[in-house]
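To start, the structure under review is shown below, and the notes come after it.
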Amino acid sequence: MKIKRLLTILLLLCLMVSTAFADDDDWYTYTYSYWKEETASPNAYSVTNTLYGMDVDPEIGNLSDPRGLFCIDGRVFACDTGNNRIVEMYKEDGQYKLARIIYQLNVSVNVAEKMMYEGKVDNTLFQPTDIFVKPITKEQRELNFGTKYIGDPYIYPDEETTEEPGETQQTETPDAESGDTEEGGEGGESGEGGEGGEGGEGGEGGEGGEGQTEAPKPQQGPKKENVIRQQLDLDYDIYIADKDHNRVIHCDYSGNVIGVVSNPKDDTLPENYKFRPNKIVVDNALRVYAQAEGINSGLMEFDKDGVFTGYVGANKVVISLARKIWRKLQTREQRQRTNQFVPTEYNNLSLDSKGFIYATISAVDEQDLWAGTATPIRKLNAMGSDILIRNGNSFPIGDLNWSSKLPSISGASAFCDVIAFNNDTYCCLDMTRGKLFCYDFQGNLLYAFGGIGYTSGRFTRVTAMDNLDEETILVLDATRGTITEFSMTKYGKMINEALELYKNGYYDQSAEVWREILQFNGNFELAYVGIGRALLRQEQYKEAMGYFESAHDIENYSKAFRHYREEVVEKYILYAILVLAVLIIIPKIIRKIKKVRREIKEA
């Protein structure tokens with residue numbers, strides 16, 4: 001009997017564990033209904049790869065606290081922040097391969113002064129947090145920056161006495177290897193130091209404007225040689241946010257430093273302010289936009305020569321009505337003790353194909369989110385104005401349901417990255433729940449997926465993402481040191497096709513695709529809206545009203561009803577006039593006849 005009881009208890013425990021793991025594996029895609037309820041959806045993306053550095057190439061080893069990710073033309077640049085390096089990979093025949101590892105850059109005597117750090121020329125990377133790669137031809141580069149940066153290599157003082165035969169600073173040759181650098185890809189001492197510095201970072205959201213207070217820095221460790229697997233002859237320029245060196249480095253693809261953005265001067269900055277760039281983008285005019293720690297006045301803008309020119313997209317201070325009333329009731333002393341309402345700082349930015357900047361803000365008030373006064377995602381034009389369209393049933397703020405089964409997760413979504421696609425849809429990365437939220441150009445939620453966990457499609461601490469192409473998204477997990485590849489499914493491709501057809505004016509074809517989508521997901525309200533909008537464009541107002549009603553789209557329903565009413569009036573106006581005329585004229589004729597008869601009779 002005791003054995004049976006033990007077996008029963010063991011079986012129950014196994015069932016409980018298996019159920020727990022089954023729930024963890026069952027990550028799903030969903031959207032929100034008109035009533036703000038989660039609605040299950042077919043998967044728009046599926047996990048097709050999970051990249052560990054060691055699996056791609058043993059030289060990479062393990063990524064340590066990676067913070068930045070950039071993709072271009074099938075190439076992937078990852079900022080391995082804790083290991084003080086950039087890892088470049090490329091995809092070939094469905095497999096990711098190592099292109100090179102960048103530990104240091106090439107400095108000529110002509111630009112050596114720009115690379116000064118703490119009194120000496122430093123060509124290494126120190127906690128790089130972001131990278132931006134821009135296509136540019138050799139002719140364009142020479143036109144904008146000249147060739148002065150290419151000159152005799154700078155000779156470091158220690159190299160004059162310690163350099164051994166066969167060692168060289170310039171490592172841009174294809175056969176330059178680092179296999180005998182004490183396994184540089186594994187991070188070594190620098191990787192351990194990077195982890196130690198993480199605690200002093202204070203989070204990407206800043207410390208309430210105290211950017212001038214420098215956080216404890218990790219130890220850099222010994223200088224390591226670059227690892228190069230490919231010929232460096234591509235037409236790109238590279239910009240690196242070298243955070244703990246207080247600079248943004250601009251170099252050509254071979255790693256030759258062209259310029260440096262550092263130590264900006266402005267009356268709005270404290271005298272002891274230290275420039276700590278977290279995220280960067282570069283527009284077609286070669287202006288550098290940086291999200292820097294401790295800056296809440298907007299994005300910092302620099303011209304192509306690295307001169308600070310001002311701020312872009314400064315956040316407007318919006319105080320809710322409840323807070324205004326409360327401040328009126330407070331005494332002067334209470335108001336002075338209360339935190340001042342200052343604009344919050346951005347935490348990431350991305351550039352779309354048209355030159356618009358998408359920027360995210362994670363430090364937002366939950367009450368302001370519900371009130372619609374907080375804008376965690378913005379689309380900035382050249383003037384710095386937010387032009388993001390928000391016509392969906394709910395604001396693009398991530399999850400609408402903030403409850404969670406995990407005690408470590410609470411509160412609203414906090415966006416930490418954003419990517420924009422060529423069809424004007426965009427995707428936001430939520431670091432609170434490790435989810436991706438994709439929206440169309442009107443601000444409607446298309447689908448959300450992901451989650452917290454250790455199984456496929458889940459994350460522990462997301463820090464960055466980028467799109468390898470229009471159908472592939474890569475997501476960086478800083479704690480696990482992985483890059484997860486999501487590929488678009490047939491369902492996701494159909495949604496993109498329907499949106500593209502509608503934008504290009506092919507309303508009939510768009511409606512057909514939306515109808516096919518409804519075969520996959522009959523609860524997808526946006527499909528009803530898509531069909532209704534197509535019918536509206538085709539002047540089939542009555543049919544459009546039915547689809548808008550199914551989607552609870554009051555605004556478009558009213559628009560369709562107004563056109564339908566006009567159509568009905570135009571169609572029956574003649575009959576209405578005739579009836580009205582009959583109702584007015586016939587009684588008059590009858591009265592006239594009666595009058596004539598009366599006069600004849602009296603005569």
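Along the sequence shown, the residues carry numbers beginning at 1.
Aromatic ring pairs are classed by plane angle as parallel below 30°, tilted from 30° to 60° and perpendicular above 60°; the pair Y30 and F437 is perpendicular.
The shortest non-hydrogen separation linking M465 to L429 is CE-N, 3.6 Å. Nearest heavy atoms, V418 versus A359: CG1-N, 4.4 Å. Residue G453 comes nearest to R480 through the heavy atom pair O-NH1, 3.8 Å, listed as atom of the first residue, atom of the second, then distance. Across all their heavy atoms, R247 and P277 have their closest contact at O-CG, 3.5 Å. Across I361 and Y346, no two heavy atoms sit closer than the pair CG1-CD2, 3.6 Å. Residues V312 and G384 share a closest heavy-atom pair of CG1-CA, 3.7 Å.
Rounding to the nearest 0.5 Å gives a distance of 7.5 Å between CZ of R390 and CZ of R378. One finds the CG atom of N381 at 5.0 Å from the CD1 atom of I387 (value rounded to the nearest 0.5 Å). Rounded to the nearest 0.5 angstrom, W35 CH2 and N393 CG are separated by 10.0 Å. Here Q127 contributes atom CD and T81 contributes atom OG1; the two are 6.5 Å apart, rounded to the nearest 0.5 Å. The distance from the CG atom of D55 to the CG atom of N62 is 9.5 Å, given to the nearest 0.5 Å. E301 CD to I357 CD1: the interatomic distance, rounded to the nearest 0.5 Å, is 8.0 Å.
For F302 and Y239, the gap between ring centers reaches or exceeds 6.0 Å. Ring centroid separation for the pair Y502 and Y507 comes in under the 6.0 Å cut-off. In this structure, F449 has its ring center closer than 6.0 angstrom to the ring center of F486.
Judged purely by distance below 3.5 Å, without hydrogens or angles, the side chains of Y273 and N246 never pair a donor atom with an acceptor atom. Between N347 and S362, the side chains place a donor N or O and an acceptor N or O closer than 3.5 Å (distance only, hydrogens not considered). Side-chain polar atoms of N348 and Y358 form no donor-acceptor pair below 3.5 angstrom. Neither side chain, N49 nor E485, offers a donor N or O lying under 3.5 Å from an acceptor on the other. In summary, the side chains of S350 and Y426 do not present any donor paired with an acceptor at a separation below 3.5 Å, with no hydrogens or angles considered.
Distance alone, capped at 3.5 Å, is enough to place a donor-acceptor pair between the Y528 side chain and the G522 backbone. Counting only distance, with no hydrogens or angles, the side chain of T39 and the backbone of Y32 share no donor-acceptor pair below 3.5 Å. Put simply, the side chain of T360 never gets that close to the backbone of I377: no donor and acceptor are under 3.5 Å apart. In this structure, the side chain of T29 does not engage the main chain of Y45 through any donor-acceptor pair within 3.5 Å. E471 contributes no side-chain N or O that, together with a main-chain N or O of M488, makes up a donor-acceptor pair within less than 3.5 Å. N43 places no side-chain N or O within 3.5 Å of a backbone atom of S46 that could act as its donor or acceptor partner. Counting only distance, with no hydrogens or angles, the side chain of D477 and the backbone of F459 share no donor-acceptor pair below 3.5 Å. Although no hydrogens or angles enter the test, the distance criterion places no donor-acceptor pair under 3.5 Å between the side chain of E497 and the main chain of V513. With hydrogens and angles ignored, the 3.5 Å screen pairs a side-chain donor or acceptor of E470 with a backbone N or O of N422. Panel note: side chain S510, backbone A498; a donor-acceptor pair is recorded below 3.5 Å.
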*Steps toward side chain to side chain donor-acceptor pair (under 3.5 Å) verdict (N296, Y311)*: CA-CA 10 Å; N296 58 14; Y311 300 98; over 6 Å; no

*asked:* Walk me through whether Q519 and M494 qualify under side-chain contact (heavy atoms from CB on, under 4.5 Å).
replied: CA-CA 11 Å; Q519 300 300 315; M494 286 194 301; over 6 Å; no

_Show, in sequence, the C-alpha distance, side-chain angles and deciding distance for E345 and I295, and conclude whether the side-chain contact (heavy atoms from CB on, under 4.5 Å) test is met._
CA-CA 6 Å; E345 61 185 87; I295 298 297; 5.7 Å; no

*Residues W514, L526; criterion side-chain contact (heavy atoms from CB on, under 4.5 Å); working and verdict*: CA-CA 9 Å; W514 283 122; L526 189 58; 4.3 Å; yes

*For the pair L388 and T375, evaluate side-chain contact (heavy atoms from CB on, under 4.5 Å) and give the outcome as yes or no after the intermediate values.*
CA-CA 10 Å; L388 189 71; T375 51; over 6 Å; no

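Each of D130, D244, D242 was compared with R276 under the salt bridge (Lys or Arg N to Asp or Glu O under 4.0 Å) criterion, and only D244 meets it.
No salt bridge links D430 with K435; every basic N to acidic carboxylate O contact stays at or beyond 4.0 Å. Salt bridge status for D80 with R67: absent, with no side-chain N to carboxylate O gap under 4.0 Å. Between D65 and R461 there is a salt bridge, since at least one side-chain N of the basic residue sits less than 4.0 Å from a carboxylate O of the acidic one.
Between K559 and F548 there is no side-chain heavy-atom pair separated by less than 4.5 Å. With contacts defined as side-chain heavy-atom distances shorter than 4.5 Å, the pair P135/I72 qualifies. Annotation: side chain of L446 is in contact with side chain of L499 (closest heavy-atom distance under 4.5 Å). Contact check for L474 versus L51: no side-chain heavy atoms found under the 4.5 Å cut-off. Side chains of C79 and T129 form no contact here, defined as non-hydrogen atoms less than 4.5 Å apart. When side chains are defined from C-beta on, C438 does not count as touching T425, because their heavy atoms never get closer than 4.5 Å. Taking 4.5 Å as the limit, some side-chain heavy atom of Y491 sits within range of a side-chain heavy atom of I517. You'll find the side chain of P128 reaches within 4.5 Å of the side chain of I86, heavy atoms only.
Judged by the 6.0 Å distance and 45° axis criteria, K503 is positioned over the aromatic ring of F441.
Annotation for K36: atom NZ counts as buried by contact number, over 12 foreign heavy atoms lying within 6.0 Å. Surrounding CD1 of I554 are at most 12 heavy atoms belonging to other residues, nucleotides or ligands under 6.0 Å away. Counting non-hydrogen atoms of neighbouring residues, nucleotides and ligands closer than 6.0 angstrom, the CG atom of N401 exceeds 12 such neighbours.
Every pair passing salt bridge (Lys or Arg N to Asp or Glu O under 4.0 Å) that includes a residue from residues 346-362 is listed here, sequence neighbours excluded: K354-D424. Sorted by first and then second residue, the salt bridge (Lys or Arg N to Asp or Glu O under 4.0 Å) pairs involving residues 436-447 (not counting sequence neighbours) form an empty list. Screening residues 38-49 for salt bridge (Lys or Arg N to Asp or Glu O under 4.0 Å) gives no qualifying pairs among residues at least two apart or on separate chains.
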